[in-house]
Structures are given as C-alpha cells and as structure tokens.
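Shown next, in structure tokens, is the structure this report addresses.
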Amino acid sequence: MTGTLVLAGTPIGDLADAPPRLAEELAGADVVAAEDTRRLRRLTQALGVTPKGRVVSYFEGNESARTPELVQELLGGARVLLVTDAGMPSVSDPGYRLVAAAVEQDIRVTAVPGPSAVLTALALSGLPVDRFCFEGFLPRKAGERLSRLREVAGERRTLVYFEAPHRLDDTLAAMAEVFGADRRAAVCRELTKTYEEVRRGPLAELARWAAEGVRGEITVVVEGAPETGPEELDAEELVRRVRVREEAGERRKEAIAAVAAEAGLPKRVVFDAVVAAKRAAG
C-alpha cells in the first residue's frame, strides 16, 4: 500500500484561522515537509501540537532535490503532510513538483482546505468575482513586466496578483499604463492581520498612493477589461497595436494573438491586416 500526500492550508495571518484538521494532520503525519521549519515551529506551538513524524524543509531551493526523497516515503506507505508559510501549497508556493510526481506514481493526494490570500482578496475587493484568473507574481524587470501585462490587457475576467511591497508602486504604474489609468483595482495589504487594509480605486490613483511607501504582504485585484466590439477597431488600429507590441519585444505571432484577444477577433483577421499593411508599404 502506498501512502498519502496531504496538502494543508495554513493561516495567512491570524493563527486562529487554522482549520481543526490541520492540528490533527500535524500531530499524526509520518513526515511533515515545511517551507520554513522555524515558522512551522511557531505554528505548532500556537496550535498546541507536537509532530510525531520527521520534519524536513521543502522550499524553492531544495524542492527539486527533495521531491524524489518524499516520493519514496510515499511509495513506502508514509503519510506526508506538506505545508507552506501561508495559504495553500502549490499556489505561488512549493508543492507543484511533489504533487505532479505523486500523481505520476498513482499516489493518493488530498488536501486540508485552509485560508487563501487569493480568494480572501478577491472577496474583499468589491470587484466582480463570478469569473477570475490568478496571475501570481509579475516579473521583476520592467520590460518583462510590461510584456506580461500586455498579454492580458484584453482579459475580461478579474485579475489577481501577488506583489512585493517595494515593487508595488512600479507595478501599479505599469498596470495603469497598460490597462488604463481609470481601470478599477484593489490593493489588499496584511490580510487577516492587525493592520489589514484594503485600498480601492483607479489604478493611477493607487499608484500615486503606493509611491509613498507600502509595507506588508500584498495582493492586488484588478477589474477585467471592458466589453469591446470588433467594429471599434479598424485594420489600421489593429496593425498599430501589433507594431507597438513588436517594438516592446514581442514576437509577431504573439503580438497578433494578443491583439486579436483584445479586440475579440479571430487571429486570422489581425494577421491579414498586418500582411495587407506590409504589402501596401512595399
């Protein structure tokens, strides 16, 4: 009999948010893989439990090397509990590699649901929640960040991002440039903690606020793109948008696909417009 991999959500701020099953799993697992063993120790002390099993670190730096070791434990029948510093494993945190490896070996994978910064921020944002997409962290370099934002400029679902506090003002300014200064957004800071704050407003206004300096864990929620009709963009405008993206470093194929998504048009329509413009230019 193979063992079971348990993904457990941990509090994103207030330790009182820990689900009762988390304490049970921490006490009974054969192996506890933690992103930070020191933070795990604080959590177990707060919950009044002592892990009976072996505690090992499992973070970005050793994830690739430690995954085979944990898979062997699972194949030997162990119950392995995976916890990260906050929230659900695999969601911008270690976990994906181990889950994929366990699934490949037909090992049972289950979860202890827990707090999520993504869903908490989304619910508090005041923006549409019926359809959304999680984009994780944006690239640190300005050019790559702009390119990534342009990829979703026409996305109509609400967007959710994580961001470091010292990059928040640059990120919001880039969002205002790509999505539009008036696009609604919410910056959720220190969720469930003592100094929790949700700041709502247009992207340009939020960028000016963030320029004064912001601290804490940050989740940004951005309103999706407004509905646009294909008739609003003529061939000349389609070609212009593709050219702008190419000048920013995107390959033509990617630029055409992105512009087509923004305009709600088949990629072939944008491609034909680009080809026609090239022929006209000689």
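Numbers for residues simply follow the sequence, beginning at 1.
- The minimum heavy-atom distance between Cys188 and Val198, with the atom names listed, is SG-CG1, 4.0 Å.
- Taking 4.5 Å as the limit, every side-chain heavy atom of Glu135 sits out of range of all side-chain heavy atoms of Phe162.
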| task | Output, in order, the C-alpha distance, side-chain angles, deciding distance and verdict of side chain to side chain contact (heavy atoms under 4.5 Å, CB included) for Leu40 and Val32. | result | CA-CA 9 Å; Leu40 172 66; Val32 178; 3.8 Å; yes
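- Checked by atom type, the side-chain pair Thr84/Tyr58 shows no donor-acceptor distance below 3.5 Å.
- In this structure, Leu168 and Val220 have side chains that are in contact, with non-hydrogen atoms separated by less than 4.5 Å.
- Summarising the geometry, atom CE belonging to Met175 is positioned 11.5 Å from atom CG belonging to Asp170; distances are rounded to the nearest 0.5 Å.
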| task | Please lay out, stage by stage, how Val71 and Gln105 fare under the test side chain to side chain contact (heavy atoms under 4.5 Å, CB included). | result | CA-CA 8 Å; Val71 169; Gln105 294 289 337; 4.0 Å; yes
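- The shortest side-chain heavy-atom distance between Lys141 and Arg145 does not fall under the 4.5 Å cut-off.
- For Phe134 and Tyr161, the gap between ring centers reaches or exceeds 6.0 Å.
- Linking Ile, Leu, Val, Met, Phe, Trp and Tyr residues whenever their side-chain heavy atoms come within less than 4.5 Å leaves Val109 and Val112 in two separate clusters.
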| message | As a quick check of understanding, evaluate side chain to side chain contact (heavy atoms under 4.5 Å, CB included) for Ile12 and Asp17, giving each step before the final call. | response | CA-CA 8 Å; Ile12 59 176; Asp17 292 334; 5.5 Å; no
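- With Arg66 contributing its side chain and Gly61 its backbone, the two residues share no donor-acceptor pair below 3.5 Å.
- For the pair Ala225 and Arg156, the tightest heavy-atom approach, listed with the atom from each and the gap, is O-CG, 3.5 Å.
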| request: List the steps and the verdict of salt bridge (charged side-chain N to carboxylate O under 4.0 Å, His left out) for Lys193 and Glu196. | output: CA-CA 5 Å; Lys193 299 177 184 178; Glu196 176 181 285; over 6 Å; no
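- Between atom OG of residue Ser90 and atom CG of residue Leu82 there is a gap of 7.0 Å, rounded to the nearest 0.5 Å.
- Follow the hydrophobic side-chain contacts under 4.5 Å out from Phe59 and you never reach Val91; the two are in separate clusters.
- Heavy atoms only, all atoms of each residue included: Leu191 and Thr219 are closest at CD1-OG1, 4.4 Å.
- Using a 4.5 Å cut-off on side-chain heavy atoms (C-beta onward), Asp93 and Asp85 make no contact.
- Using a 4.5 Å heavy-atom threshold, the side chains of Arg184 and Arg200 count as separate.
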| task | Please report the C-alpha distance between Glu246 and Arg251 in whole Å, then the side-chain angles of each, then the deciding distance to 0.1 Å, and finally whether the salt bridge (charged side-chain N to carboxylate O under 4.0 Å, His left out) criterion is met. | result | CA-CA 6 Å; Glu246 286 186 295; Arg251 292 183 299 178; over 6 Å; no
| task | Using the salt bridge (charged side-chain N to carboxylate O under 4.0 Å, His left out) rule, take Glu25 and Arg79 through it: C-alpha gap first, then chi angles, then the decisive distance, then the call. | result | CA-CA 9 Å; Glu25 291 289 351; Arg79 190 172 185 85; 3.0 Å; yes
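- Remark: Glu144 does not engage Arg148 in a salt bridge, criterion side-chain N to carboxylate O under 4.0 Å.
- In the hydrophobic clustering of this structure, Val222 groups with Leu206; members are Ile, Leu, Val, Met, Phe, Trp, Tyr whose side-chain heavy atoms approach within less than 4.5 Å, directly or through other members.
- A continuous path of hydrophobic side-chain contacts links Val103 to Leu5 [ILVMFWY only; heavy atoms under 4.5 Å].
- Residues Val56 and Leu70 form a side-chain contact, since some pair of their non-hydrogen atoms from C-beta on lies under 4.5 Å apart.
- Atoms CG and CZ, from Leu47 and Arg42 in turn, are 13.0 Å apart once rounded to the nearest 0.5 Å.
- To the nearest 0.5 angstrom, Leu26 atom CG is 7.0 Å from Thr44 atom OG1.
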| request: Evaluate side chain to side chain contact (heavy atoms under 4.5 Å, CB included) for Thr110 paired with Leu7, printing each intermediate quantity in order. | output: CA-CA 6 Å; Thr110 187; Leu7 310 178; over 6 Å; no
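- Listed for the Thr192 side chain is a donor-acceptor partner under 3.5 Å among the backbone atoms of Asp14.
- Glu217 places no side-chain N or O within donor-acceptor distance of the main-chain N or O of Glu190, the cut-off being under 3.5 Å.
- If you take CG on Leu138 and CD on Glu163, they are separated by 6.0 Å, rounding to the nearest 0.5 Å.
- Closest approach of Ala207 and Ala173 over heavy atoms only: CB-N, 3.8 Å.
- Side chains of Asp106 and Thr2: no donor on one and acceptor on the other come within 3.5 Å.
- Of the charged side-chain nitrogens involved, at least one lies within less than 4.0 Å of a carboxylate oxygen, so that Arg199 and Glu197 count as a salt-bridged pair.
- Under a 3.5 Å cut-off, the side chain of Thr120 and the backbone N or O of Ser116 do form a donor-acceptor pair.
- Proximity of Leu146 to Glu177: side-chain heavy atoms (C-beta onward) are separated by under 4.5 Å at one or more points.
- Glu73 has a carboxylate O that lies under 4.0 Å from a charged side-chain N of Arg54, or vice versa, which qualifies the two as a salt bridge.
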| request: Show your reasoning for whether salt bridge (charged side-chain N to carboxylate O under 4.0 Å, His left out) applies to Glu247 and Arg243. | output: CA-CA 6 Å; Glu247 291 173 352; Arg243 187 177 300 117; 5.2 Å; no
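- For the atom pair CD (Glu250) and CZ (Arg150), the distance works out to 7.0 Å, reported to the nearest 0.5 Å.
- Residues Phe179 and Val152 are in side-chain contact: their nearest non-hydrogen atoms beyond the backbone lie under 4.5 Å apart.
- Asn62 contributes no side-chain N or O that, together with a main-chain N or O of Ala65, makes up a donor-acceptor pair within less than 3.5 Å.
- Under 4.0 Å is where a charged nitrogen must lie from a carboxylate oxygen, and between Arg208 and Glu205 no such pair does.
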